[in-house]
Structures are given as structure tokens and as C-alpha cells.
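Residue numbers start from 1 in every chain, and the chains themselves are labelled A, B, ... in the order their sequence lines are given, proteins ahead of strands.
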2 protein chains.
Amino acid sequence: MAHDLDPIDHNIVRMLAEDARTSYAELGRKVGLSPSAVAERIHQLESAKVILGYRALLDEKAFGYSVMAFIRLTCDNTHYRPFLKFLPTIDAVQECHHITGGEAFLIKVRLSSIDQLEPLIERLLPYGMPTTSMVLSTPVYRQQEAWLLRHAGFPSRTRKK
Amino acid sequence: MAHDLDPIDHNIVRMLAEDARTSYAELGRKVGLSPSAVAERIHQLESAKVILGYRALLDEKAFGYSVMAFIRLTCDNTHYRPFLKFLPTIDAVQECHHITGGEAFLIKVRLSSIDQLEPLIERLLPYGMPTTSMVLSTPVYRQQEAWLLRHAGFPSRTRKK
DNA sequence: GTTGAAATGACTATTTA
DNA sequence: TAAATAGTCATTTCAAC
């Protein structure tokens, strides 16, 4: 399953994770390859689904969604499947994880105000017993790619010119 | 606080969230502006920290990190600050949220194997009482930007040529 | 915001190892 | 098979308007 990445691939991926708009030419300079060679490697990494896409990272607060909460929903077997159908229709849900411990789900939601929490909880009630924790602050928040890089021990790089 | 985005900014941001490598020229065509006008708007959005950066989205499984878990740590006042200093030094930690309910933290970690969980928990023990939930599956996982777009009711767009 | 020109980058085909 | 090269086209950038 794990795609075989040589050190050059690794470096290319690292740089694209830090700045997805880095040009093939600059990538090539940094890894000592021609732009076309870099482009070919990147296309292979995309085909192999190692690189899944390129995203602009946005500040949700600029869009007015500043409340984050985690809802733990304990849900018995009869409500399990209906809940899975219902869940993706709720826009506030950013993540839902099925976790160990008695058919429970951990749901991360984002809202534009605390007022939206109660209606949301009421919509979940038919499926199980929700326990809500508001997020007061987030001392650590790493993007998956940033986390990966840190984990792999790569040095950080300053933003290009 | 909330940067004032007109509909054109909104469209540009939407497209960059879907594909951060879209060229200024193509963005300009889609929103009916010249490439330079688009570039200027984007630079302003970057300065205003509405766009925080551009990232390649990677498949962690391709890198061997397939285990996700949530650890809830209940932690009394004396351990609060030391914990906050200790936490960023742990590479496995992807997110840590300070949540309501008796000085508790909710920590999302990613590991390459379940064997790494026990040592991690032992490192947390001095700071409080950990409760661990393994993630069995993740029925919903939306990028913050994807979530934003869905929430804002934008139509999805097919990948460019 | 627009236009236009110069520099840079991207893409394809071909050559090389 | 993988990379370099060269030619062509597209894009970025910056000036002037």
C-alpha cells in the first residue's frame, strides 16, 4: 500500500506541504532536478494518491465560524445506521469518528454562535445520548501535513521571497 | 475582525480552497477579472490573514501513520501550565483542545502503530488522568475549507482539465 | 481595474544515459 | 526507465494608464 518514496520525493512532498504553490522550477532547484523531472514525479505522486490535492488554508474566524465543540454521542445498535445516514447532512459537523467504548461517536462541530448548539443537540437526541464539551482554546493545532513533517523531523522553511 | 469579502473575493477563495494551484489567469476568467486584479486581491487576502497559506493534502497512510486516537486528560490546576509546555514537544499530538468540564484537554494523536500508545499515555500520566478512545473509523472528515464551502452552500466544482 | 510588455514558468517532444 | 534539453505556449509580474 505504502507508496515507495525516495528521498527526492520526500523533499518535494515536504515543500509542497509547506507551500503548495511552489513552482516546478523552484522545486527542481532545491532538489537538483530539472523542472520536467519534478513535474513527472509530482504527477506520479498524484496518481498514486500520495498527494490528494492542493488547498488554500483559510481562517474560519474571518468567515464568522468561531465556536468549536466536541459532542460525544453514545448510540445503541438500532440507531447506528440511521445516524450514519443522518450525519453527513449536518453542515456544522466537521469530523465524526467512531470510537471505542460502547458504540460511541466523537463529533467535532463548528458554529457561528453558541445559540446554534442547542438546536443541533436536539437534532442528535433521537439517535443517542449526547455529551457536549465546548472548546475554550486550542493550544496545539497542526495540519495533517504540518504534523507529518514535524513527525518526520524535517526542518521548517521560511516562506519564499 | 471579520475581513470584508465581496462576492468576487468569496469566489476566488472558494476556488483556491478547492485547488490551491489554480492560476491567476484561470481565476480571472472565472470571476471576470484580469489576472493582475486577481493577484492583487489574493495578496490582500493573504495580508489580511484570510488566506493563511497553501498546502498539499497528503495521505498519511502512504507514510505509515494509520492509528488515530483521542485522549481526554483531566488535569488539576497545578499541572495545567507545565502540561502546556510539555505538550508541543510530543510529535504524535495533532490537536489539543482545552475543553469545558473540570480542566480537561482533548488530545488528538496519530501513531504508526498501536504499540506507541502505551508509552505515550505513560508520558501523560504525570500531568493528569488520561482516558483513551481509539478511532475505529471516521464516517465524516471534512477539511476546514471543505467544511466552510459546504456550510456556505457553494456548489462543488469538477477538477480542471 | 485594465492593458501591455518582459521575465519567468509550464508543457511536449526529442535526445541522452 | 529516468532525466536533461530545447522549443513553444501560458502565466506572472510590473509598469503606465
Side-chain angles (χ1 to χ4, degrees), chain A residues 1-59 62-63 145 149 152 154 156-161, chain B residues 2-59 62-64 145 149 154 157-161:
Chain A
M1 306 295 125
H3 189 261
D4 225 12
L5 302 180
D6 69 13
I8 291 178
D9 285 333
H10 228 140
N11 258 315
I12 290 171
V13 162
R14 171 181 73 85
M15 289 190 279
L16 286 176
E18 289 194 41
D19 184 358
R21 288 180 75 94
T22 310
S23 68
Y24 295 152
E26 189 180 345
L27 293 169
R29 265 177 246 124
K30 295 249 165 79
V31 301
L33 248 55
S34 69
S36 19
V38 171
E40 194 188 329
R41 278 168 179 266
I42 289 176
H43 294 150
Q44 283 178 1
L45 290 168
E46 289 171 349
S47 300
K49 304 286 184 198
V50 173
I51 296 173
L52 300 171
Y54 305 92
R55 298 289 155 83
L57 188 62
L58 306 177
D59 178 13
F63 295 85
E145 41 284 340
L149 299 175
F154 287 115
S156 61
R157 186 175 66 93
T158 53
R159 188 107 169 73
K160 75 176 177 203
K161 51 157 185 297
Chain B
H3 189 261
D4 225 13
L5 301 180
D6 70 13
I8 291 178
D9 285 333
H10 228 141
N11 259 315
I12 290 171
V13 162
R14 173 181 72 85
M15 289 190 279
L16 286 175
E18 288 193 44
D19 183 357
R21 288 179 76 94
T22 311
S23 69
Y24 295 152
E26 188 180 346
L27 292 169
R29 264 176 247 124
K30 296 247 165 82
V31 301
L33 249 52
S34 68
S36 352
V38 171
E40 194 188 330
R41 277 168 180 267
I42 289 176
H43 294 149
Q44 283 177 3
L45 290 167
E46 289 170 350
S47 301
K49 305 285 182 197
V50 172
I51 296 173
L52 300 171
Y54 305 93
R55 299 289 154 83
L57 189 62
L58 306 177
D59 178 13
F63 295 86
E145 40 285 341
L149 300 175
F154 286 117
R157 185 174 68 90
T158 52
R159 189 106 169 74
K160 76 177 176 202
K161 52 154 186 300

Is there a side-chain contact between [X] and [Y] (heavy atoms, below 4.5 Å)?
X: A:Leu16; Y: A:Ile42; value: yes
X: B:Glu46; Y: B:His43; value: yes
X: A:Leu33; Y: A:Arg41; value: yes
X: B:Leu52; Y: A:Leu58; value: no
X: B:Arg29; Y: B:Glu26; value: yes

Nucleotide [N], atom [atom2] - distance to [atom1] of [X] in whole Å:
X: A:Arg21; N: C:dA10; atom1: CZ; atom2: C1'; answer: 14 Å
X: B:Lys30; N: D:dT11; atom1: NZ; atom2: P; answer: 11 Å
X: A:Ile8; N: D:dT1; atom1: CD1; atom2: C1'; answer: 15 Å
X: A:Gln44; N: D:dA2; atom1: CD; atom2: C1'; answer: 9 Å
X: A:Leu27; N: C:dT8; atom1: CG; atom2: C1'; answer: 15 Å
X: B:Glu26; N: C:dG9; atom1: CD; atom2: P; answer: 20 Å
X: A:Tyr24; N: D:dT12; atom1: OH; atom2: C1'; answer: 16 Å

Worksheet item: Are OP1 or OP2 of D:dA2 and a side-chain N or O of A:Arg41 less than 4.0 angstrom apart?
Response: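 For D:dA2, OP1/OP2 do not have a side-chain N/O of A:Arg41 under 4.0 Å.
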Worksheet, complete the sentence: Each nucleotide of nucleotides 2-7 of chain C classed B (base within 4.0 Å of a protein heavy atom), S (only sugar-phosphate) or -, in 5' to 3' order, makes BBB---
Worksheet entry | Partner residues of A:Ser36 under the side-chain contact (heavy atoms from CB on, under 4.5 Å) criterion, sequence neighbours left out | A:Ser34
Worksheet entry | N/O donor-acceptor pair under 3.5 Å between A:Arg21 side chain and B:Ser23 backbone |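 Judged by distance alone, no pair lies under 3.5 Å.
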Practice prompt. Output, in order, the C-alpha distance, side-chain angles, deciding distance and verdict of side-chain contact (heavy atoms from CB on, under 4.5 Å) for A:Met15 and A:Val31.
Written response: CA-CA 10 Å; A:Met15 289 190 279; A:Val31 301; 3.6 Å; yes
Can you tabulate the close N/O pairs, meaning under 3.5 Å, that link protein atoms to atoms of nucleotides 8-10 of chain D?
none

Worksheet item: What do the steps show when you test B:Asn11 against B:Arg14 for side-chain contact (heavy atoms from CB on, under 4.5 Å), and what is the final call?
Response: CA-CA 5 Å; B:Asn11 259 315; B:Arg14 173 181 72 85; 3.3 Å; yes
